[in-house]
There are 2 protein chains.
Amino acid sequence: MTLTPPPQRPARSAGRELKEKGLFEAARSVFAEEGFKGATTAEIARRAGVPKANLHYYFPTKEALYRAVTEEILSDWLAAASSFDENDDPKQAISTYVAAKMDLARADPLGSRIWASEILRGAPVIKDFLETTLAEWLASREAIMRRWIAAGKIRSLEPRYFFYMIWATTQHYADFEDQIKALNGGAPLSDEQFQKAKAQAIDTILNGVMP
Amino acid sequence: MTLTPPPQRPARSAGRELKEKGLFEAARSVFAEEGFKGATTAEIARRAGVPKANLHYYFPTKEALYRAVTEEILSDWLAAASSFDENDDPKQAISTYVAAKMDLARADPLGSRIWASEILRGAPVIKDFLETTLAEWLASREAIMRRWIAAGKIRSLEPRYFFYMIWATTQHYADFEDQIKALNGGAPLSDEQFQKAKAQAIDTILNGVMP
DNA sequence: ACGAGAATTGACCGCTTGGTCAAATCCATC
DNA sequence: GATGGATTTGACCAAGCGGTCAATTCTCGT
């Protein structure tokens with residue numbers, strides 16, 4: 001399900017995609033701050049610098065816009081998740097995956113926050129994704145981890161709670177960025193600080209599971 | 001700053017505190033689901049089973065109600081935080097603290113979610129708490145951990161990122177409960193599952209930092 | 001240069017929002 | 001049982017909401 005232009009005629013000029021992209025990005029920032037219900041189409045339009053009626057030309061309803069935003073986020077999540085499979089060695093697989101999730105949180109904090117906000121309100125839009133695609137992803141990686149455990153390559157543990165820890169820790173840097181900022185003298189983590197945090201997350205998690 | 005009755009006259013009957021408590025609890029559930037902006041006083045009043053005008057008698061504005069809810073959450077957070085200091089031994093202190101945070105997430109998921117939602121919108125109401133009380137708590141516990149590191153009792157690490165991992169992991173079980181539910185066949189974690197998750201969180205975190 | 005569809009937009013609509021208010025009711029005290 | 005403040009509540013209001021629409025302007029193939 002990819003995002004379709006509102007009327008299905010061929011795009012006329014490059015301005016179309018540009019404007020759509022502007023609205024899309026404005027929507028991301030407003031949804032991330034206010035959640036679906038708290039977000040207003042007027043505010044989204046204002047940030048995009050277009051009249052509200054113009055927004056409704058590109059995205060017929062607030063929910064259609066929200067769904068478009070959401071789909072991209074799920075797609076990015078899956079892309080980062082694939083890094084877990086790039087290596088057969090647990091140490092490498094886990095390191096790579098945690099690093100990818102940390103980088104995603106850093107590169108796209110808004111996406112992570114929209115996800116969080118969607119879960120907080122009961123996940124009405126992504127519930128199906130969670131119950132099917134995400135559940136399947138988790139089940140198959142649990143199987144991999146159980147083989148590692150059986151082979152004595154990692155400690156014995158319940159894989160899903162391990163993944164929850166990874167998700168929680170990495171996404172915390174996006175979702176709670178404002179809290180981290182407040183605890184960092186008002187400034188967001190510098191690149192050096194973030195690299196240190198990433199390295200430590202990998203390190204602590206690895207030490208936590210390697211025998 | 002404790003919560004004051006709207007007019008300051010002495011309470012007449014027990015019904016007053018009861019009604020106030022009902023509104024308070026209804027407000028918690030709505031704020032947790034919809035965030036501050038998405039929450040409506042009409043919905044809060046509906047869940048409390050009182051007319052909206054009655055809500056505004058007890059809490060003059062939506063923000064006053066929100067602030068009252070928020071204060072209690074910060075207070076609970078600090079209470080759980082004190083468990084970190086109950087023991088001089090790092091292993092004991094960390095175990096006890098993680099257990100306390102997990103128990104708090106289980107006992108009061110709404111509080112955790114309201115906190116998360118408040119951070120997501122930029123923490124306008126609790127920013128001062130974060131920059132003062134929370135920052136001081138963190139600084140002094142960082143000092144404790146640095147002494148442990150110097151004494152070789154735990155691995156060398158940056159204490160604050162370690163606390164972020166604890167906060168993230170424990171609060172994940174409250175904030176992302178609906179996601180966990182979706183990954184658990186639609187059912188929330190049973191008490192046994194939760195105890196297992198708690199034990200594993202403690203275990204993995206301890207292994208992650210003990211030398 | 002003109003016709004036709006694409007894109008733009010101010011004005012507008014019905015509904016919901018947070019909050020107000022005055023009238024009604026309750027209830028401890030005398 | 002009368003008094004007066006505490007409490008309750010339906011009705012109401014101005015502002016904001018998501019969404020519509022008709023009139024206008026733009027853009028391209030001819």
Side-chain angles (χ1 to χ4, degrees), chain A residues 3-24 26-31 33-70 117 121 124-125, chain B residues 3-24 26-31 33-70 117 121 124-125:
Chain A
L3 86 108
T4 38
Q8 56 279 42
R9 302 104 182 180
R12 194 75 92 65
S13 68
R16 164 180 253 291
E17 283 93 23
L18 239 159
K19 202 155 196 177
E20 200 171 300
K21 189 71 185 162
L23 283 162
F24 191 84
R28 284 172 54 84
S29 74
V30 176
F31 284 135
E33 282 169 33
E34 306 287 357
F36 174 76
K37 196 168 174 187
T40 68
T41 55
E43 174 62 13
I44 293 169
R46 201 191 56 76
R47 290 198 196 180
V50 306
K52 187 170 58 122
N54 199 259
L55 179 152
H56 281 101
Y57 176 75
Y58 285 96
F59 300 93
T61 66
K62 180 167 100 161
E63 182 166 342
L65 178 48
Y66 181 75
R67 285 184 182 270
V69 163
T70 297
S117 169
R121 72 185 188 120
V125 165
Chain B
L3 91 106
T4 37
Q8 57 278 42
R9 303 103 180 179
R12 194 76 90 63
S13 67
R16 165 180 253 290
E17 282 95 21
L18 239 158
K19 203 155 195 176
E20 200 170 300
K21 188 72 185 163
L23 282 163
F24 192 84
R28 284 171 54 84
S29 74
V30 177
F31 284 135
E33 282 168 34
E34 306 287 358
F36 174 75
K37 196 168 173 187
T40 68
T41 55
E43 174 63 14
I44 293 169
R46 200 192 57 76
R47 291 197 197 180
V50 305
K52 188 169 59 118
N54 199 257
L55 179 152
H56 281 100
Y57 175 75
Y58 285 95
F59 300 93
T61 65
K62 180 166 98 162
E63 182 166 341
L65 178 48
Y66 181 75
R67 284 182 182 270
V69 163
T70 297
S117 169
R121 72 182 189 122
V125 165

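Below, chains carry the letters A, B, ... as their sequence lines are ordered, and counting in each starts from 1. Excluded from the calculations below are hydrogen atoms, water molecules and symmetry mates; all remaining heavy atoms, backbone and side chain alike, are included.
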Parallel, tilted or perpendicular: ring planes of B:Phe36 versus B:Phe31, cut at 30 and 60 degrees:
parallel

Nucleotide nearest A:Pro51 (side chain, heavy atoms from C-beta), chosen from C:dT9, D:dT8, C:dG18:
C:dT9

If you take any heavy atom closer than 4.0 Å to DNA chain C, which residues from residues 36-49 of chain A end up in contact?
none

Between atom NE2 in B:His56 and atom P in D:dG10, what is the gap in whole Å?
15 Å

Can you tell me how far P of C:dT17 sits from CD of B:Glu63, to the nearest Å?
19 Å

Rounding to a whole Å, what distance do you find between B:Tyr58:OH and D:dT9:C1'?
13 Å

In whole Å, what is the span from the CG atom of A:Leu65 to the C1' atom of D:dG18?
12 Å

Side chains of B:Val30 and B:Thr40: does their closest heavy-atom pair fall under 4.5 Å?
no

Would B:Lys37 and A:Glu43 count as a salt bridge (Lys or Arg N to Asp or Glu O under 4.0 Å) here? Give the steps.
CA-CA 13 Å; B:Lys37 196 168 173 187; A:Glu43 174 62 13; over 6 Å; no

Under 3.5 Å donor-acceptor, A:Lys62 side chain and A:Ala39 backbone:
yes

The nucleotide from C:dG18, C:dT9, D:dT8 with an atom nearest the side chain of B:Asn54 is D:dT8

Measure the distance from CD on B:Glu34 to C1' on C:dT16 and round it to the nearest whole Å.
14 Å

For A:Tyr58, does the six-membered ring have the charged nitrogen or CZ of A:Lys19 within the cation-pi criterion, i.e. under 6.0 angstrom from the centroid and within 45° of the normal?
no

Could you tell me whether the side chain of B:Leu65 reaches within less than 4.5 Å of the side chain of B:Thr41, counting heavy atoms only?
no

Gap between atom CG of A:Asn54 and atom CD of A:Glu20 - 0.5 Å precision
11.0 Å

Which whole-number value in Å describes the distance from A:Tyr66 OH to D:dG18 C1'?
17 Å

Quick note, A:Lys62 side chain, CB onward, closest among D:dG19, D:dT9, C:dA7 is D:dG19

Starting at OH of A:Tyr57 and ending at P of D:dA22, how long is that distance when rounded to a whole Å?
16 Å

Atom CG of B:Leu55 and atom P of C:dG18: how far apart are they, to the nearest Å?
10 Å

Closer to the 5' end of DNA chain C via nearest nucleotide, is it A:Val50 or B:Ala53?
A:Val50

Just to confirm, is there a sub-4.0 Å distance from OP1 or OP2 of D:dT8 to any side-chain nitrogen or oxygen of B:Lys19?
yes

